[in-house]
Structures are given as C-alpha cells and as structure tokens.
Amino acid sequence: MGKVVLVTGVARQLGGRFVRRVQRDPGVDRVIAVDAVAPAHPLGEAEFVRADIRQSALARILAEYAVDTVVHLDVSGKALGTAGRTAIKETNVIGTMQLLGACQKSPTVQRLVVKSSTSVYGSAPRDPAVFTETTPPKSLPSGGFAKDAVEVEGYVRGFARRRPDVAVCVLRFANILGPRPDSPLADYLSLPVLPTVFGYDPRLQFVHEDDVVDVLGIAAREPRRGTLNSGTFNIAGEGVLLLSQCSRRLGKPTVPVLLPAVTWVGSALRTIGMTDFSPEQIRLLTHGRVVSTVQMRETLGFRPAFTTAETFAEFARSLGPGLLPPETVGRAVDRLAELPLPGGAGPRKRGTGAVQTTHGAR
C-alpha cells in the first residue's frame with residue numbers, strides 16, 4: 001500500500017473503521033482522514049482534516065501531504081445527520097467530480113479506490129438471474145442513490161482514461177449489513193412490521209461490514225501475486241435470501257401492499273421519518289437483484305468471511321427479538337404438522353412435504 005493514504009467519508013462508521021484498520025498496515029506511514037463533519041468515533045493516529053469534498057480544497061490537501069493512495073468512501077445513500085437528499089447528491093456526484101479533478105492534477109497519486117454499489121444495475125422485471133460486472137442494466141436507475149452511483153462510475157471511468165498511470169479500483173457492494181448498519185435498507189428491515197409488494201418475493205444479497213473493510217484494504221494496496229485489484233468488482237457474500245426468509249428470521253410480520261399503493265406507503269414512511277422508502281428501494285423489494293462474485297474471488301483474490309445468510313444473522317441479532325420470534329413460528333408450524341389430515345387420515349408425517357418443520361420456518 002502507498003505510504004500516505006487519504007480516506008474520505010470518515011465521519012461515517014464504515015469510514016472510521018477503515019481508517020483505524022489501515023493504520024495497522026506496516027507499509028502505511030500516514031493516514032489523512034477527510035470529512036466535512038467531525039467524526040463522533042475515534043480515528044486512532046490518523047490526521048483529521050475538516051474539508052468539504054464539494055469544495056476545491058482537496059487539491060491543496062493532496063499536494064500538502066503528498067498523497068499516493070485515495071480511498072473514496074464518501075458515496076452514500078443515507079444522509080448524515082440532518083442533511084437532505086440534495087446534500088447527499090451533491091456530495092456523491094459533485095464531491096466525486098472535485099476529488100477526481102484534484103487527483104488528476106496530482107503527480108503523486110498512484111492508486112484510487114471508489115466505493116460504489118450493485119444498485120447501478122437497477123431492478124427490473126426482465127433482469128437476468130445474475131448480473132456480472134459487464135452486464136448492462138435493462139433500465140438505468142432514474143433517481144436516488146442508484147443514479148448517483150451510475151454518475152459517479154461514469155466520472156471515474158473518464159478519470160481512468162485521462163490518467164492511465166493511476167490504478168483505479170471500483171467496488172460495487174451489495175447491501176451492507178452487520179451489527180452497526182447504516183443504510184436505507186437496514187432502516188427498512190428495522191421496522192416493526194415490513195411492508196412488502198403483494199405477489200413478489202425478491203432475492204437479496206448482503207455483504208458484512210467486516211468484509212467491506214477487509215476488501216477495501218486489499219483494493220488499496222499493491223496486488224498480491226496472481227491477483228489484480230484494478231477494475232470493477234461485485235462484492236457480496238455467497239448465497240441469497242428471499243425477503244420472506246428475511247422477515248421470518250427477524251420475527252417480523254409483513255403487510256403485502258398492492259404495487260400501485262406502494263409509492264404512497266413509501267411517501268408516508270418518509271414523511272414520518274421512519275425510513276427512506278425510495279422508488280429505487282421499492283424496485284429492489286419488488287424484483288430483487290443478484291450479482292456474480294466470480295471476479296471477486298478469482299481476479300481480486302477476495303473471499304468474504306461471511307455468507308449472505310451469516311451476514312443477515314449478525315444483523316438480526318443486533319436488532320433483538322421481533323414481534324414473531326422464529327422459535328415461536330417454528331413451534332406453531334410443528335403444531336400444525338401434528339394436526340390430522342382432512343378425512344381422519346391421522347397427523348401429517350414429517351418429511352412428506354405437506355408442511356415445513358421448525359427448521360424450515362427458520
């Protein structure tokens with residue numbers, strides 16, 4: 001890894017964790033932590049510089065500290081503090097443009113890592129079963145964080161063409177969960193009752209926040225022998241979960257809503273401040289999204305420590321028991337399995353395929 005690393009977005013939990021982690025790398029001499037807001041968490045021995053990436057101060061910071069590695073984490077779908085959607089978009093898009101402009105002028109920058117999202121693929125009814133890094137979306141996201149991520153990646157590709165001497169790595173993360181999640185989807189899953197789209201049960205993927213920090217470290221250093229950490233990579237835990245499985249594991253009831261009424265429900269939830277039930281999230285909870293992680297394993301050389309199911313289990317434990325604990329649901333299913341069949345045929349036999357047992361309910 002470069003000896004001087006600059007990290008943006010350090011006021012968020014993920015940025016703070018990566019700053020503390022990267023300092024332990026023996027090849028790092030100095031870490032410059034940048035954000036417009038002073039972080040509430042410790043940053044270790046990193047030097048905090050309060051700066052808004054939407055402004056032109058970044059060029060001066062890169063030159064003053066002779067930064068050679070930039071890790072751009074200030075791309076997010078959720079506001080920090082009281083900031084609104086406009087401020088988020090400006091930070092995501094205009095802030096990235098300012099950062100890339102500063103990097104382009106800097107003779108010392110050698111490596112750039114950018115946090116992106118699998119939301120760039122969108123969610124549509126005719127989507128392929130699995131997206132690869134080269135699969136074009138059926139319909140480009142029309143707004144929200146997904147559109148921001150598409151624009152950010154476009155600017156990054158332009159920078160890579162103008163500065164071919166800089167190693168550029170874009171990491172498209174699936175939905176990030178863990179004990180301390182910070183995302184609109186985590187807010188949705190934290191609701192006491194989950195509104196769902198009637199007739200749909202989308203497939204979802206998750207990546208653990210610990211794995212996010214680990215793969216950022218791999219992307220920010222020189223590649224290991226036999227690997228390549230320049231390019232675009234999908235990052236997700238192995239396996240998928242259906243939304244119905246998520247609700248059962250959380251012990252939360254669902255309220256199916258007809259698709260035309262979902263937008264109204266989302267607006268109501270945003271109005272009362274419970275969650276940002278945005279149109280892009282509604283599409284995800286309707287059609288789902290699954291990405292291929294072959295390049296992550298075979299080219300980048302990264303294997304997550306947590307599967308999608310294990311990541312979700314960590315998140316569920318952080319929330320505590322829901323209204324319908326999985327154990328209670330399991331016992332209810334077992335009791336149903338023991339009821340006699342119509343016509344006095346006796347109780348159902350386990351394993352006959354009629355009713356799921358406790359294990360299946362979980």
- Message: Under a 3.5 Å cutoff, is there a donor and acceptor pairing between the side chains of Thr311 and Thr308?
- Response: no
- Message: Check for me, please, whether Val240 and Leu185 land in the same ILVMFWY cluster - side-chain distances under 4.5 Å, paths through other members count.
- Response: no
- Query: Quick one: are Thr254 and Lys252 in side-chain contact, heavy atoms under 4.5 Å?
  - Reply: no
- Query: So which heavy atom on Glu153 is nearest to which on Val170, and how close?
  - Reply: OE2-CG1, 3.7 Å
- Message: Looking at every heavy atom in both Leu43 and Ala33, which two are closest together, and how far apart are they?
- Response: CD1-CB, 3.8 Å
- Query: Judged by atom type as modelled, is there a donor-acceptor pair below 3.5 Å linking the side chain of Arg203 to the main-chain atoms of Leu242?
  - Reply: no
Donor-acceptor pairs are to be reported for all side-chain atoms of residues 206-218 against protein atoms at under 3.5 Å, with residues two or more places apart or in another chain.
| from | atom 1 | to | atom 2 | distance (Å) |
| --- | --- | --- | --- | --- |
| His208 | ND1 | Asp210 | N | 2.9 |
| His208 | NE2 | Glu314 | OE1 | 3.4 |
| Glu209 | OE2 | Arg180 | N | 3.3 |
| Asp210 | OD1 | Arg17 | NH1 | 2.8 |
| Asp210 | OD1 | Arg17 | NH2 | 2.6 |
| Asp211 | OD1 | Ala305 | N | 2.8 |
| Asp211 | OD2 | Ala305 | N | 3.3 |
| Asp211 | OD2 | Phe306 | N | 3.1 |
| Asp214 | OD1 | Arg21 | NH1 | 2.5 |
| Asp214 | OD1 | Arg21 | NH2 | 2.9 |

- Message: Does the plane of the ring in Phe131 sit parallel, tilted or perpendicular to the ring in Tyr121? Use 30° and 60° as the thresholds.
- Response: parallel
- Task: Please check if Val150 and Ile88 belong to a single hydrophobic cluster, counting links between Ile, Leu, Val, Met, Phe, Trp and Tyr side chain heavy atoms closer than 4.5 Å.
- Result: no
- Group every Ile, Leu, Val, Met, Phe, Trp and Tyr by side-chain heavy-atom contacts under 4.5 Å, then state whether Val291 and Phe302 land in the same group. no
- Query: So, Arg111 versus Asn229: side-chain donor-acceptor pair below 3.5 Å or not?
  - Reply: yes
- If Ile, Leu, Val, Met, Phe, Trp and Tyr residues are connected whenever their side-chain heavy atoms lie under 4.5 Å apart, and connections chain through other members, are Leu171 and Leu228 in the same group? no
- Message: Checking the side chain of Glu280 only, and the main-chain atoms of Ala146 only, is there a donor and an acceptor separated by less than 3.5 Å?
- Response: yes
- Query: So how far is it from Ser244 OG to Arg249 CZ, rounded to the nearest 0.5 Å?
  - Reply: 9.5 Å
- Query: Could you state the interatomic distance from CZ (Phe233) to CE (Met296), rounded to the nearest 0.5 Å?
  - Reply: 10.5 Å
- Test side chain to side chain contact (heavy atoms under 4.5 Å, CB included), reference Val114, set Val156, Val71, Thr96, output is Val156
- Query: Distance from Arg163 atom CZ to Gln104 atom CD, nearest 0.5 Å?
  - Reply: 7.5 Å
- Side-chain ion pair, Asp148 and Lys89, N-O less than 4.0 Å: yes
- Shared hydrophobic cluster, Met97 / Ile61 (ILVMFWY, side-chain heavy atoms < 4.5 Å): yes
- Does Tyr200 OH have over 12 foreign heavy atoms under 6.0 Å away? no
- Query: Can any side-chain N or O of Asp52 pair as donor or acceptor with the backbone N or O of Ala36 at less than 3.5 Å?
  - Reply: no
- Separation between CD1 of Ile176 and CD of Gln13, rounded to the nearest 0.5 Å: 12.5 Å
